[in-house]
Number of protein chains: 2
Amino acid sequence: MPAVADDGMFPMSELPRVNLRERGIELTASQIFNPGEISLVDGICRVNGCTGSFVSDEGLIITNHHCAFDAIQKASTRERDLLNDGFIAQTREQEIPAPDYQVRITEDYRDISAEVLAAVTDNMTFLERTKAIDKRRKELEIQAERDHPGLRAEVAEMFAGRSYVLFLYTWLKDVRLVFAPPASVGNFGGEVDNWEWPRHTGDFAFLRAWTAPDGSSAPYSPQNIPYRPKRFIQVSPKGVDEGDAVFLLGYPGRTARHRTASFLQYEQNARLPLTVQLNQWQIAEMEKAGSADRAVAIRHASRSKSLANVEKRSRGQLQGLKRANIVELRLQQEAALQHYIDSDPQRQQKYGQVLKNVAAVYHEMTLAAPLEIHLVQLRQACRAAAFGFFVVDAVSERAKPDLEREPLFMDRNFVQSSQEIRVAMQDWHPPTDQIMLTGMLQRLSTLPAAHQLPGLQELLKNPERIPELAASLIQNTRLGDQAFVDECLQKTPAELAQVNDPLLQVLRTLYPEYLKLRELDKTREGQLNQLYGALIEIKQEFLSSNFVPDANATLRFTSGHVRAYSPADAVIRTPVSTLRGVIEKTTGIEPFNTPDAVLKKYAAGDFGRFLHPRLGQVPVAILYDTDTTGGNSGSPVFNATGQLVGVNFDRCFEATINDFAWNTDYSRSIGVDIRYVLWITGTVYEARHLLTEMGVDP
Amino acid sequence: MPAVADDGMFPMSELPRVNLRERGIELTASQIFNPGEISLVDGICRVNGCTGSFVSDEGLIITNHHCAFDAIQKASTRERDLLNDGFIAQTREQEIPAPDYQVRITEDYRDISAEVLAAVTDNMTFLERTKAIDKRRKELEIQAERDHPGLRAEVAEMFAGRSYVLFLYTWLKDVRLVFAPPASVGNFGGEVDNWEWPRHTGDFAFLRAWTAPDGSSAPYSPQNIPYRPKRFIQVSPKGVDEGDAVFLLGYPGRTARHRTASFLQYEQNARLPLTVQLNQWQIAEMEKAGSADRAVAIRHASRSKSLANVEKRSRGQLQGLKRANIVELRLQQEAALQHYIDSDPQRQQKYGQVLKNVAAVYHEMTLAAPLEIHLVQLRQACRAAAFGFFVVDAVSERAKPDLEREPLFMDRNFVQSSQEIRVAMQDWHPPTDQIMLTGMLQRLSTLPAAHQLPGLQELLKNPERIPELAASLIQNTRLGDQAFVDECLQKTPAELAQVNDPLLQVLRTLYPEYLKLRELDKTREGQLNQLYGALIEIKQEFLSSNFVPDANATLRFTSGHVRAYSPADAVIRTPVSTLRGVIEKTTGIEPFNTPDAVLKKYAAGDFGRFLHPRLGQVPVAILYDTDTTGGNSGSPVFNATGQLVGVNFDRCFEATINDFAWNTDYSRSIGVDIRYVLWITGTVYEARHLLTEMGVDP
C-alpha cells in the first residue's frame, strides 16, 4: 500500500481527519462541508439512487443518462421516442415531469448511537433486537422531522450494531427532464462496453428540481418555480488531465469491506451465481419481446438495463473474487485476528466465538438461498405479482399503528411508495409477465424445499400445468389496472379478502410465507448486528486504528488522481478517451451507432473550445482511482479547487469487486469528461441556453 | 510517414543505400553482407520455410519452436511425446534427425535480368512467355551449379517481368533436433494468442546442421560431423529494452505491396474468405479426430497448426483490408497514376491499358476461384490424394527431358521432393482422410462449374453416394503405403496406367483437369508478368523513385525499434512482456497450461541472470516495428551491434496486413526475448551445456 492510498469513502464526520493537501486538494474540509454555512455539499444532491450536482442557481442538475433513463423511458412512446432521439427542453415549460424522481440535499447529521442502542437489552431475542432498533430509529426520525419542519430525517446504520447517524435532508419532489442526448450517445457501447474501460459513452443528462412558489418542497404543480440551491457547482470547461488530483462527493450505496470471509463465500457460492442466472434469463426474454415491437422495447428498457447492469457487475465480482484471492486474503486476516483473540483468556471468553457464529449465519443463508432468492424473485420478475404483493402488504401493514409498520407503509413514506408503484404500472406488459411467472414457478417447482411451504404446495402440485396456470392468472388479473390497485389500497384486510382476483388471491395465500421470510431476515439481522458490533470492537483494538464505515447511501467524500492502469501484463489503458475512439468503435449497428449530428460535427472538425490540448481531440471519458460504488453514479468529479470537470458513471471491470476490496492496481472509476458534455450539449445539439445557464461561454 | 520509416525488406543489393546509422545501427553494410569475406550473413540460414541463426561454431541453430514443430511432431509417439514433454539431447548422439529439413546459407547473388528476359520475344503467347522464362531460369541455375560445385543455385524473380537474381546457397541436408521446450512453453497461448500481442510464448528450439566428415553437404549419416559455419552469431544475455534499435535478417516469404487494387479485391472477395472457410472445417475435423486419441492428435498436429495459422492470418487480413481502407487507398494511388499516364499521348499509348488489363485477369480469377480453389484443395485436404497426385505427376513429368519438367521433378530436386512426400506419409490417418475426401467432393458437387469438367463428372454424378464412394476409395487405396508409392514412382506412364488402385485411377482421370489448370495459371502468369513489368516501369517514372521488391523468400534486411503501439483509443500495448504475464494467463487448461518446472522456478524466484533490469521480471517477448512477413519466423533479432537479443516469431493481429501494406501505427513484429530462451533452456530445463556452447555463462 502506498503512503497515501486513494481509497476510502469518508463520511463528512471524518473529513477533518483527511489530509486534503497531501491528496492534492486545495480546499479545506469546511469549504467542502460546513453545516449552517454554505459549502460545496450544498451543491450536491441525491437523485433517487444516484448523485447529482446543481450547476445553476435555478436548480439545474447534471447527472448520468442512466440515472435519468427511467424518466426518459417513461416519457417515451413509439411515436415520440426520447430514448432514441434524445430530448431538449427549449423553454422551462417544455421540461417533462418525472413523477417517480426525488432529490435530496444533505443539510446536517448527528450521531445518535447511544440513543439507538439504549433500546436494546441483553435478554432480547435476535428478532426482538432488530424490532427494537428499528422502532427506535423510526421514533427518532419522526421526532427530528418535528424539530425541523420541512426537512426529511433518516437514520443510517454506520457500523452494524455499533453506530447510527441521523441525517437531515431537504427533500424535493418535483423533478423534471431538461436535456438528454440520444441513447446512442448516452448509452453508447451499451452492455458490451458497460463496466469496461476504455469507454466512449456520453453518460449524462440534465434535470431540474422545482419547488412551491414559496421555495418549500412540493409535488409537481404548474405553479411551481425552479429550486434555488444555496450554492451551485461551477463548471470548468478546461477539464483535467492525467495525473491531476480529483475528488468526488456522492451517495455510494453499499460496500462490504467489513464483512467476513464467510459473507464473501455466501456471495460467491450462492447469491451472485443465482443472480447472474436469473437476470440473464429475464434480460433474454425481454429482448426477445422487445425486438418485435419498439413500443414493447421502450416499456422494458429501464428494467432490462438495470438487470443487465447487475448481471455484468455480478459476473465481474465472481471473476474478481476468484482472481484476486479475496476470500483467502480475508481468511488470513481473520486467522490473525482469531489468534489475537485466543491469546488472552478474557478476550477469548468475550470474542472467541464471534467469527464462528457469523459464519454459521451465512452458512444457513447459503443453504436457504435457492429457495429464498427464488421466492423474492417470484414477486419481482413478475411485475403484476410485485404490484399485487405491494397491495397485500400495504393493506396488512397499514392496519397496524404507524410505528409498527414496515417503513414503506408508514404515513411519512406511503405517498411516495404508492406513487412509485403507480408509475411502474405504466410499463406493464402482460405477455412478458406471463413468461416471467411461468418461468419462476417452474424454477420453484424443481426446488424440493418449495413444496414444503403450504402456501406454495397448491401452486406447484402440477408442474406440467404451470404454463396454463400462469397464463390464466395473468390474463384474468386486474393488478395491471391503476384504478383497481388504488381501490384495493383503500380496503381493510377483511375487505381485500373478498376481492375476486385470481392473482391477488394467490399472493394472499403466499403472503404468510413471505412474512415468515421477513421475520427470519430480521432474526438474522439481529444476530449479525450483535456479532458485527463485537467484531468491529475487537478489530479496532487488534489493529489499533479507526476504520471508515461501509457505504450506506449517505454522503461520502473520496479522492484520487486521473490515472492509467494495467489490466494485464504489457497492456496499459490510458486515462483519457477521445472522440476518435467513438468514431473507431462506430459500426452503425447498436450499441455502436453514433448519431449523424455527431458524425457531421466530427467530419467538419467543429470542436468549439473543447479540444484536449495534449491529445488534440475532444476528450470523452476519464479514468481515476477514487473509491466509488453504485450510488456514486452521477457524482460530480471535481478538480483540486472544487470545479466540476466530469460526471462519474461507472467502474472498470476489475473494479466491480471494489464492493468487497479496494486495490490501487485495479480500482478505477469512470466519468464523462465535462468537455464532451459541453460539446454534445452546446455544439452538436445546440442547446446553448444550457451552457449560458451554467455560466459557460457556448 | 515519419522522416525515417522503419519499413522496407531490403535485398542485400540495396543495403549500401540504406542509412544504417540513421536507423540506429552501428554496423556497416559490409559488416552485414560481404560476399567472399566473412560477414553477419554467414551466421544466418534458411530452415525450410523459416529462418535460423548459427549460435555456435558447431552448427547449433536457434529458430522457432513452430519452425521445428514438424520435426518434433514426426519424432513423437503416444509413448514418447516430445511435443508435450519437450526434448533435450544431452549428447550429440541423442540428437534426432529431421529427414525433411534442410538448411541454406546465402553465399552470393548476381543480377541476371538481361539473360532471363532475352528469352522472351514480342510475338510469344502468354503461355509461351512463361515457359520461356521458366526454361531460361532452369538453364541458368544448372549452369551456375556447374560453375560452383557443391553450391545450390536458385533464380528469384524480384520485380515481376523486370528483374531476376541468381542466388548461390550452401545447402545442408542433415539437420537434427537438439532442444525443444514443451509445447506448453513453445506454443503457450496456442491459437488463442497466435497473431496477438501481448504474447507469452517461448517460441524457440535448437537444431543442428551436420555435414559429411569432409565438410561437404550430405544426407544423414552416423559418420557426419557438425557443420562449421564461417561465422556464428554472438548471443547477448543483456537483451534490449523499449526504444532500442533492432534489425533482422531473414527469408520473408511473400508480400503484395506492388500488386494492384484489383489483386487485393481478388484476395478480399475470393481467396481469403474461401481459405478461412476450408481451413476452419479441416481444423475442426482434425481436432475432433485427435481429441479421442493422443496418437492421432500428434499425427495431425503439424498440419492442423499450419492450417490454423493461415486461417487466423487470413481473418486478420480480411478485417484489416476493411478497417484500414487499403483497397480504397490503393485505388486512389492508381487513379493518380492513371491520370499521369493519360496526360501524355505517348504514355497513354504504351501504358494506358495496363491497370485495366491487370484488373481483367484478377476479375477472371475471382470468377473462377470457387472451382479452382476447391480443385487445389481436393488434392491437399485429402492426404492420400496428395500422395497419389505426386505419383501421377512425377511419372508423367519425369518421362520428359529434364529441362521441360516442373521444377519439383527435375533431377536436381527429385531426391528432395520425393523424400518430403515419404516423410509426410508417416502421418497418414485414413479415417480423417475419408472425411476430407467426402467433404471436398461434396463441396465440389454443389459447384455447377465442377460438373462441366469431364474428369469430375463421373465422380460427382451421385452426390448422395459420395460418402460411400470416398469410404471405398480410402479403404481400398495403397497410396498410404510407402513401398507401393516408391514402386509406382519407378514406373513409366504406360506401366502406371496398369496399376489397379481405385484412388490412383481416379487421380489419373482427374489429371488432365489439373494440367489444364496449370496451363491456365501459366497463361495468367505470362500476362501479369508482362503487365506488372510495364506497371513498375511507369510507376518508377511517375514517382521518380526506386522501390524495394516484394518479398520472395530471398535474404532480406529490415530494421526498426522496440516499440509500443496503440490498437485502439486509450489502449497502449507496451513492448516487453514478462513471466508474470505467463503466470497471470496460466489456467492449467490448454493452451494456457504452464509446466510445473516453470511454475516452481517462478515460485522459488530462481531467475538467474535473466531479470529485466527495469521491469524486475524475466522478459518473455518483445515487440518492434520492423517490416516482416511469413518466412521471417526464426529470424535473429539483433541489437545495434549485431548481437542476438531475440528470435522473431510472429506479428500482432493488426499487422497481418503487413503483406499488403506496412504502417507505422500498427505494423509490429514479435520475438521471444533471448533472456527467456536462456532462462527456460538453462535455468528451468538445466540444459547448461547449450548455454556453454553459445558462450553464455549459464
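Numbered from 1 within each chain, the chains take letters A, B, ... in sequence-line order. Model, not experiment: these values are computed from the prediction.
- Partners of F610(A) according to the ring-ring contact (aromatic ring centres under 6.0 Å, His included) rule, which considers only residues two or more places apart in sequence or in another chain, do not exist here.
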| said: What verdict does the side-chain contact (heavy atoms from CB on, under 4.5 Å) test give for F638(A) and L248(A), after you've listed the backbone C-alpha separation in whole Å, the side-chain angles of each residue and the deciding distance to 0.1 Å? | reply: CA-CA 6 Å; F638(A) 291 111; L248(A) 272 65; 5.9 Å; no
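- Partners of F592(B) according to the ring-ring contact (aromatic ring centres under 6.0 Å, His included) rule, which considers only residues two or more places apart in sequence or in another chain, are F188(B).
- Only the backbone of V576(B) comes within less than 4.5 Å of a heavy atom of chain A; no side-chain atom from C-beta onward does.
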Distance-only check: which donor-acceptor pairs of chain B and chain A lie under 3.5 Å?
{"residue": "H200(B)", "atom": "NE2", "partner": "D569(A)", "partner atom": "OD2", "Å": "2.6"}
{"residue": "D569(B)", "atom": "N", "partner": "E584(A)", "partner atom": "OE1", "Å": "3.2"}
{"residue": "D569(B)", "atom": "OD1", "partner": "T578(A)", "partner atom": "OG1", "Å": "3.0"}
{"residue": "D569(B)", "atom": "OD2", "partner": "H200(A)", "partner atom": "NE2", "Å": "2.6"}
{"residue": "D569(B)", "atom": "OD2", "partner": "T578(A)", "partner atom": "N", "Å": "2.6"}
{"residue": "A570(B)", "atom": "O", "partner": "T574(A)", "partner atom": "N", "Å": "2.9"}
{"residue": "A570(B)", "atom": "O", "partner": "T574(A)", "partner atom": "OG1", "Å": "3.4"}
{"residue": "I572(B)", "atom": "N", "partner": "I572(A)", "partner atom": "O", "Å": "2.7"}
{"residue": "I572(B)", "atom": "O", "partner": "I572(A)", "partner atom": "N", "Å": "2.7"}
{"residue": "T574(B)", "atom": "N", "partner": "A570(A)", "partner atom": "O", "Å": "2.9"}
{"residue": "T574(B)", "atom": "OG1", "partner": "A570(A)", "partner atom": "O", "Å": "3.4"}
{"residue": "T578(B)", "atom": "N", "partner": "D569(A)", "partner atom": "OD2", "Å": "2.6"}
{"residue": "T578(B)", "atom": "OG1", "partner": "D569(A)", "partner atom": "OD1", "Å": "3.0"}
{"residue": "E584(B)", "atom": "OE1", "partner": "D569(A)", "partner atom": "N", "Å": "3.2"}

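- Here the closest heavy-atom approach between residue L611(A) and residue P619(A) is recorded as C-CD, 4.3 Å.
- Across all their heavy atoms, G190(B) and P591(B) have their closest contact at N-CB, 3.5 Å.
- Using a 4.5 Å cut-off on side-chain heavy atoms (C-beta onward), L272(A) and L321(A) make contact.
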